[in-house]
Amino acid sequence: MSDSGRSSAPHIPVMLADVLDVLRPRDGGIYVDGTFGAGGYTRAILGSADCAVLAIDRDPSAILRGRELATEFAGRLTLIEGCFGDMVRLVRALGHATVDGVVLDLGVSSMQLDEAERGFSFQQDGPLDMRMGGDGLSAADVVNTFDEGDLARIIAVYGEEKRARAVAKAIVAARAQAEFKRTLELAETVARVIGRRPQDRIHPATRTFQALRIFVNDELGELAR
Ligand SMILES: C[S@@+](CC[C@H](N)C(=O)[O-])C[C@H]1O[C@@H](n2cnc3c(N)ncnc32)[C@H](O)[C@@H]1O
């Protein structure tokens, strides 16, 4: 599946076996899942020992959907809406000075990708948003207001897009006609610049969308905190 394409299957956590192998959950242990998502990692941890999980996600809808799992593993799963960059504070606030292990499964969830209204997809039309939580600048705010140089830097650094300057130039030219509101408007503008050859394995807007998502959600800043 491409980074911001459409995933038709429910989320199947990758590397789950490796994660459990390293974590080796034990009875009585306390583990933090810093990217709860659809709860695949959390379910596997809770299923492999009589332990507890403190599950964090910045997306309120992931936390809401997690209630069912919290009922299934009554008393063993605590759901926390927040950012894993604040993990120490969040975990201490629950009275835990230490934990036995932490897992992070970075990126966007298939639930977020599949809901066009979240604005992550370059293949399904939706509002150009891309915020995992509800706060901060949206992707539309960024492409409609940042200057060309800043856009080029974001697209080059976070998207590793070789044609970042040309993409930024096209964005600035297009927004002078009408501001970007929808994901497909941006995807089409980028695709016109990058073009598409039959041998290309990814959509031409993949790198630009990835860059905006990482920037909007300060994903590298979260890891550094
Ligand atoms: C790839 S999914 C995780 C999937 C999960 N392992 C599962 O088994 O379903 C990533 C999740 O992490 C969340 N996320 C991304 N960055 C975050 C952050 N800094 N703090 C908290 N949650 C974050 C996203 O909202 C998304 O739900």
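Note: hydrogens, waters and symmetry copies are ignored here, and every other heavy atom, side chains too, is used. All residue numbers in this chain count up from 1 along the given sequence. For clarity, every value in this text was computed on a predicted model and none was experimentally measured.
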(message) Test of understanding: with salt bridge (Lys or Arg N to Asp or Glu O under 4.0 Å), list the residues that count as partners of Glu81, not counting sequence neighbours.
(response) none

(message) If I compare all heavy atoms of Val193 with all of Ala166, which pair ends up nearest, and what's the gap?
(response) CG1-CB, 3.7 Å

(request) With the side chain counted from C-beta on, respond yes when Leu90 and Met87 share a heavy-atom pair under 4.5 Å apart, and no when they do not. (result) no

(message) Please find the pair of heavy atoms, one from Leu77 and one from Ala55, that lie closest to each other, and give the distance.
(response) CD1-CB, 3.7 Å

(message) Filter on ring pair (Phe, Tyr, Trp, His ring centres under 6.0 Å), then keep only pairs touching residues 128-176, sequence neighbours left out; what's left?
(response) Phe146-Phe215

(request) State plainly whether one hydrophobic cluster holds both Leu184 and Phe180, where clusters connect Ile, Leu, Val, Met, Phe, Trp and Tyr through side-chain heavy atoms under 4.5 angstrom apart. (result) no

(request) List in chain and number order the residues that pass side chain to side chain donor-acceptor pair (under 3.5 Å) with Arg153, two or more places apart in sequence or in another chain; answer none if no residue qualifies. (result) Asp150

(request) For the residue pair Ile155 and Arg207, establish whether any side-chain heavy-atom pair is separated by less than 4.5 Å. (result) no

(request) For Thr183 and Ser121, indicate whether the former's side chain and the latter's backbone hold a donor-acceptor pair under 3.5 Å. (result) yes

(request) Could you grab the distance from atom CD1 of Ile30 to atom SG of Cys51, nearest 0.5 Å is fine? (result) 9.5 Å

(request) Mind checking the CG-CD spacing from Asp129 to Glu115? Nearest 0.5 Å is all I need. (result) 11.5 Å

(request) Nearest 0.5 Å please: distance from the OG1 atom of Thr42 over to the OH atom of Tyr31. (result) 13.0 Å

(request) Can you sort out the partners of Arg197 under side chain to side chain donor-acceptor pair (under 3.5 Å), two or more places apart, ordered by chain and number? (result) Asp200

(request) Mind jotting down which residue pairs meet the salt bridge (charged side-chain N to carboxylate O under 4.0 Å, His left out) criterion with at least one end in residues 54-63? Sequence neighbours excluded, please. (result) Asp59-Arg118

(request) Decide side chain to side chain contact (heavy atoms under 4.5 Å, CB included) for Glu161 and Gln210; before the verdict, give the C-alpha distance in whole Å, the side-chain angles of both, and the deciding distance to 0.1 Å. (result) CA-CA 10 Å; Glu161 171 59 68; Gln210 174 190 300; over 6 Å; no

(message) Which residues pass the side chain to side chain donor-acceptor pair (under 3.5 Å) test with Arg163, not counting sequence neighbours?
(response) none

(message) Please evaluate residues Phe209 and Leu186 with respect to the criterion side chain to side chain contact (heavy atoms under 4.5 Å, CB included), reporting the C-alpha separation (whole Å), side-chain torsions for both, the decisive distance (0.1 Å), and the verdict.
(response) CA-CA 9 Å; Phe209 270 60; Leu186 179 63; 3.7 Å; yes

(request) Work out which heavy atom in Ala164 is nearest to a heavy atom in Ala152; give both atom names and the distance. (result) CB-O, 3.5 Å

(request) Not counting sequence neighbours, list each pair that qualifies as a salt bridge (charged side-chain N to carboxylate O under 4.0 Å, His left out) and has a residue in residues 177-188. (result) Asp125-Arg182

(request) Return each pair, listed once, that meets ring pair (Phe, Tyr, Trp, His ring centres under 6.0 Å) where at least one residue sits in residues 57-108; pairs must be two or more places apart or across chains. (result) none

(request) Carefully, step by step, assess Tyr41 and Leu16 under the rule side chain to side chain contact (heavy atoms under 4.5 Å, CB included). (result) CA-CA 7 Å; Tyr41 277 29; Leu16 186 51; 3.6 Å; yes

(message) Applying salt bridge (charged side-chain N to carboxylate O under 4.0 Å, His left out) as the test, list every pair that has at least one member in residues 21-37; sequence neighbours left out.
(response) Asp21-Arg24, Arg26-Asp100

(message) Are His203 and Arg196 packed together at the side-chain level, in the sense that at least one heavy-atom pair is separated by less than 4.5 angstrom?
(response) yes

(request) Report yes if the side chains of Phe120 and Met132 come closer than 4.5 Å at any heavy-atom pair, otherwise no. (result) yes

(request) Could you note down all residue pairs passing side-chain hydrogen bond (donor to acceptor under 3.5 Å, both in side chains) where residues 138-149 supplies at least one of them, sequence neighbours left out? (result) Ser138-Asp141

(request) To the nearest 0.5 angstrom, please state how far the CG atom of Asp86 sits from the CD1 atom of Ile56. (result) 8.5 Å

(request) Answer whether the closest heavy-atom distance between the side chains of Leu212 and Leu128 falls below 4.5 Å. (result) no

(request) Assess whether atom CZ of Arg92 is packed by more than 12 heavy atoms of other residues, nucleotides or ligands within 6.0 Å. (result) no

(message) Test: side-chain hydrogen bond (donor to acceptor under 3.5 Å, both in side chains). Region: residues 67-76. Which pairs qualify, not counting sequence neighbours?
(response) Arg43-Glu72

(request) Evaluate side chain to side chain contact (heavy atoms under 4.5 Å, CB included) for Leu106 paired with Leu223, printing each intermediate quantity in order. (result) CA-CA 10 Å; Leu106 301 175; Leu223 279 173; 3.9 Å; yes

(request) Considering non-hydrogen atoms only, spot the tightest contact between Val216 and Leu137 and give its length. (result) CG1-O, 3.3 Å

(request) Return the set of residues passing side chain to side chain donor-acceptor pair (under 3.5 Å) with Thr78 (not counting sequence neighbours), or none when no residue passes. (result) none

